[in-house]
Structure formats: structure tokens, C-alpha cells
Amino acid sequence: MKIAILGGDGFVGWPTSLHLSSLGHEIHIVDNLSRRWIDTELGVQSLTPMDSIQERCRIWREVTGRRLSFHFLDIAKEYDRFKAWLEEHRPDAVIHFAEQRAAPYSMKSDRHKVYTVNNNVNATHNVLAALVETGIDAHLVHLGTMGVYGYSTIGAAIPEGYLPVGIETLGGETVQQEILYPTRPGSVYHMTKSLDQILFQFYAQNDGLRITDLHQGIVWGTHTEQTRLHPQLVNRFDYDGDYGTVLNRFLIQAAIGYPLTVHGTGGQTRAFIHIQDSVRCIELALGDAPKQGERVRIFNQMTETHRVRDLANLVARLTGAEVAFLPNPRKEAEENDLIVQNDQFLALGLDPIRLQDGLLAEVVDVAKKFAHRIDRSRVPAVSAWTKDIAARVDRDPERKALRPAS
Ligand code: NAD
Ligand code: USQ
């Protein structure tokens, strides 16, 4: 298949590009490199040293003989160029990763909220409008988030996208329907993914676009089979307070002797998936495209759920790290349960990698190897969800103690 990978320079997009290329697909990475610019804005860098995307593609060719093409394009801002690109390349499938994906970054200031909404909603809508206009019947696979559901459950499992409901008619009968699961985003970033869902629903129904939306949990780990092939194929690894995600952060914190930064009580339960399973799921979803006229196919792309404090304790046991309970900069439930259905990927043959599978130690080893690249002052999460929370968090003595002397 000819596959366009929008956002193929990112944390999930890069290993996906390699995985699908190794399966023999023709891969075109489309990226505006905004994530690299955001690193510069924030004054941080990936824990792992990343080469330019052109250099990464060159190394892949050298190592495997396979070609990856890179196209520098902003899909949110350059609609006409993107449409012309699609006309020219006519992909069989489009995988859409190209959004601003950090919740804390999306909550840093009004400017960051506006950027995240403009970038994410326009990127998604431009892809949809361009597919309709060019008449290209490509399967669109989008990386969404478990966060569209909100995280609390009432003792029932979160279904895969759709909720069966009974609606009482005026005649007193009950009509059964399946509706999109009521969305309850917890940040501006998660809100954009909720808006994406409505865009997908409309374009599938109005224009017969074939769309799969993958509601993914938190991705952990760093290497996949292909990124291990050469040091310059290494994946990016975010550890800072905005882009680093919880488990990967705990693992690097353990590696550099920084107390594990649990927000609040650590009672938040979240869904997780290893990066190797993430790329495998995308392969499986590509092979199971919906037909024209079918509703949006939604998969829950996760393999297990964990409470944040349990993860901290697990990493502490493994490494001897200390655990610090800090005031939570986010507005979120202190404690929640989370039960999630993921039967569709299991039925397609996913054999989940679990936290116990020895891969936690691999991340700690990677972090130790590149520990000299870590700026400890960038480890605390400082982006607060409201001004009141910002003031409270700032006054906290424990958090102050974690800040390096300047
Ligand atoms: P990332 O930030 O590492 O990668 C996103 C890529 O998209 C970057 O290379 C960026 O430069 C590019 N991009 C952003 N806006 C663009 C635009 N307008 N035009 C062209 N390129 C653009 O993020 P990631 O961690 O790889 O996540 C990829 C997708 O998966 C995101 O949509 C995210 O919401 C979703 N997701 C990620 C996780 C996770 O834990 N990392 C979990 C669930 C879902
Ligand atoms: N947390 C800590 N300590 C930390 C960092 C985070 O306790 O040092 C807590 C947070 O408060 C939150 C939980 O861990 O309760 C998860 O935070 P996270 O930053 O790991 O994940 P999140 O902000 O939800 O976002 C990440 C990705 C996003 C993706 C989402 C999937 O950045 O792109 O959509 O995971 S999900 O969480 O399932 O919505």
C-alpha cells in the first residue's frame, strides 16, 4: 500500500513509519516539524539524540534498502498545498498523527490553547475536506485518545466508541440506538480530540469517507524492533513536565535519582500501551478498513490500566527510587477506576505486551545512557489547569524543594 503518515516524525509516527516500511509498504512522511520547534520554544530536548528527519530516512535506506520519503508540509495551515500533494500522490491509506498532543502544553496559557485548537481541528478538517475534494478513497486512520471518554467509570466497562442507549419515544416505546460515547475531555488538548470525533462522524455519514479512530491510552517505552536496528533510528523520548508522559517520566526520574513526581494522591487510573503494541495496532487497523457508508470504526487502543501511585510504587521497587506526592497541577478526579473494552484488537490478533515483560528496565537503561542530556529543571510539571491551581501549586514547599537552586 502507499501510505501517507501525517506527523511521521513524532514519537508514535516515526516507529510506525519504520514498522510499516519494513512490512513492504510505500511510506510518505508528511510533517511540519512543529514538535521540534516546540522543544526549542520550551528549551528542552528529547532524552535520546534525534537526527534530522532527512538523516533518519537516509539511515533507514542504508540499513534496510527501503525508502522513506519526507514532505515538509503544515496540514493545518497549508490546505491548498496539502490537497495538491494528495492529488499527486494518491495514497491508499492516510494515518493521521499530526496534532499537538500534550495536555499540559495545551493548558500553559491562552496562546497555547488557541494554538492547540487551531492546529488540531484545522489539521483534521483539512484532511477530511481534501479527501472529499480529490475523490481519493483512502482509509483514514486517526490517532485519538482514551481521554475523550473521561476516565471515571460507574462500574461498567468503557465500550469501543459507541454506547447503546434506549430512548423513550412520545408513544411510550423504547427505541434502541448506538450513540458516540458521551465525551468528557479533561484538557484543551483532549477537547480537540472530542471535536475530531464529530468531524469524523459527519464526513463518514455525508461523504462516505472510510475512517478508523483509534482511542489510544498513554504510550510507554521507547524502542521498537526497527528503532533498535541502528543508533540513529532511535525514537524520540520526552521527559519534560509538558510532553513527558507519566510512566516514561517515572522511569527516567528513577534513572537520574529524581523523586517520582506523583500528582496528588496518585489515585488516577489510566490506560496504557507499549510503543511496540501501538505500531502493531495501527498495522491491524489498516488491515481492517471499514467499507464506504459504514460508520466510523472506533477501537480502544490500550492493553492495561494502572493507578498512577501503583506505577510509582512498581518503579520504586524496581529501582529503589523515592516517591514524592506533589500538589496536582491538573484539574482531574483524585481517584478513579477505569475498566476498558479492547476486544476488537484482541480479536484481530494483538498479543499484548505487559508492564511485567522486562521492558521497564530497558527504558531505565536508555535513560541512564543519555542521563547527561537531561536538564533537571525541566522535570517538574508546571503547567496548571487554572489560575487558582497555579497559585496553590507554586506555594507548595515540597514542590519548591524539588526545584534546583538557580
Ligand atoms: P508527537 O508530538 O511526538 O508527534 C506529532 C507529530 O505531528 C510531530 O512530528 C509534529 O511535528 C507533527 N505535526 C503536528 N502538527 C502538524 C501539522 N499541522 N502539520 C504537519 N505535522 C504536524 O506526538 P505522538 O506522541 O507521536 O502522538 C501522535 C498522535 O497520537 C497524536 O495525535 C496524539 O494525540 C496521539 N496519542 C499519543 C499518545 C502518547 O502517549 N504519545 C497517546 C494517545 C494518543
Ligand atoms: N501524572 C503524574 N505525574 C507526572 C505526570 C503525570 O502523576 O509526572 C499524572 C497526571 O496528573 C495524569 C496521569 O498521570 O493523571 C496521566 O498523565 P500523562 O501526562 O501521562 O497523560 P495525558 O496527559 O493523559 O496525555 C497522554 C498523551 C496524550 C494522550 C493521552 C492518552 O500525552 O497525547 O492522548 O496520554 S489518555 O491519558 O488515555 O487520555
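We're numbering straight along the sequence, starting at 1. Ligands are counted one by one from 1 in listed order, and the atoms in each one are counted from 1 as well.
Evaluated by nearest non-hydrogen atom to atom 17 (O) of ligand 2, the leading choice among M107, E332, R330 is R330. When the heavy atoms of T261, I273, N328 are ranked by distance to atom 3 (N) of ligand 2, first place goes to T261.
Assignment of G217 to the shell around ligand 2 is supported, since a heavy atom sits closer than 4.0 Å. Not a single heavy atom of W37 sits closer than 4.0 Å to an atom of ligand 1. Residue contacts with ligand 2 do not include K193, since none of its heavy atoms lies under 4.0 Å from the ligand. G147 does not count as a contact of ligand 1, since none of its heavy atoms falls under 4.0 Å from the ligand. Not close to ligand 2: Y243, with no non-hydrogen atom less than 4.0 angstrom away. Under a 4.0 Å heavy-atom criterion, H190 is in contact with ligand 2.
Judged purely by atom type and a 3.5 angstrom limit, W14 uses its side chain to pair as donor or acceptor with the backbone of L233. The backbone N or O of G221 lies less than 3.5 Å from a partner atom in the side chain of N248, making a donor-acceptor pair. The backbone N or O of Y189 sits less than 3.5 Å from a side-chain atom of S106, completing a donor-acceptor pair. Judged by distance alone, with hydrogens and angles left aside, the side-chain atoms of T192 form no donor-acceptor pair with the main-chain N or O of V117 at under 3.5 Å. With hydrogens and angles disregarded, a donor-acceptor distance shorter than 3.5 Å links the side chain of H274 to the backbone of Q276.
Looking at Y151 against ligand 2, only its side chain comes within 4.0 Å, counting heavy atoms. Using a 4.0 Å cut-off between heavy atoms, R270 contacts ligand 2 through its side chain alone, with no backbone atom that close. Counting heavy atoms under 4.0 Å from ligand 1, residue N122 does not touch it at all. Residue contacts with ligand 2 for V308 involve side-chain atoms from C-beta outward but no N, CA, C or O (heavy atoms, distance under 4.0 Å). At a heavy-atom cutoff of 4.0 Å, ligand 1 is contacted by no atom of T145, backbone or side chain. Contact annotation: for D238 versus ligand 1, there are no heavy atoms closer than 4.0 Å. Only the side chain of K193 comes within contact range of ligand 1, with a heavy atom under 4.0 Å; no backbone atom does.
In this structure, the protein non-hydrogen atom closest to atom 37 (O) of ligand 2 is I218 CG1, 3.3 Å. Nearest protein heavy-atom neighbour of atom 20 (O) of ligand 2: V246 N, 2.7 Å. Nearest protein heavy-atom neighbour of atom 31 (C) of ligand 1: F97 O, 3.5 Å. Of the protein's heavy atoms, F11 N, 2.9 Å lies nearest to atom 3 (O) of ligand 1. Counting protein heavy atoms only, atom 14 (C) of ligand 1 is closest to S34 OG, 3.3 Å. The closest protein non-hydrogen atom to atom 39 (C) of ligand 1 is V219 CG2, 3.6 Å. Closest to atom 15 (N) of ligand 1 among all protein heavy atoms lies N119 ND2, 3.1 Å. Scanning the protein heavy atoms around atom 2 (O) of ligand 1, the nearest turns out to be R35 CD, 3.2 Å. Given atom 36 (N) of ligand 1, the protein heavy atom at minimum distance is Q216 NE2, 3.5 Å. For atom 9 (O) of ligand 1, the closest heavy atom belonging to the protein is D31 OD2, 2.7 Å.
Salt bridge R56/D9: present, at least one basic N to carboxylate O contact under 4.0 Å.
Atom NZ of K77 has 12 or fewer heavy atoms from other residues, nucleotides or ligands within 6.0 Å. The neighbour count for E225 CD, taken as heavy atoms of other residues, nucleotides or ligands under 6.0 Å away, does not exceed 12. Atom CZ of R67 is surrounded by 12 or fewer heavy atoms from other residues, nucleotides or ligands within 6.0 Å. Around NZ of K2, the count of heavy atoms belonging to other residues, nucleotides or ligands within 6.0 Å exceeds 12. Summarising the local packing, CZ of R90 is surrounded by more than 12 heavy atoms from other residues, nucleotides or ligands at distances under 6.0 Å. Atom CD of E294 has more than 12 heavy atoms from other residues, nucleotides or ligands within 6.0 Å. Summarising the local packing, CD of E55 is surrounded by more than 12 heavy atoms from other residues, nucleotides or ligands at distances under 6.0 Å.
Both the sub-6.0 Å distance and the 45° axial angle are not jointly satisfied by R184 relative to the ring of Y149.
Note: Y162 and Y181 fail the aromatic proximity criterion, with ring centroids not under 6.0 Å apart. Aromatic pair F97/H142: ring centres not closer than 6.0 Å. Checked against the 6.0 Å centroid threshold, F299 and H215 do not count as a close aromatic pair.
Residue-to-ligand polar distances keep Y115 apart from ligand 1: every N/O pair is separated by 3.5 Å or more. On a distance-only criterion, T145 and ligand 2 share at least one N/O pair closer than 3.5 Å. Residue-to-ligand polar distances place H263 within reach of ligand 2: an N/O pair is separated by less than 3.5 Å. Polar contact with ligand 2: present for G147 (N/O pair, distance under 3.5 Å).
The distance from ligand 1 to the heavy atoms of G144 drops below 4.0 Å at these ligand atoms: 43 (C), 44 (C).
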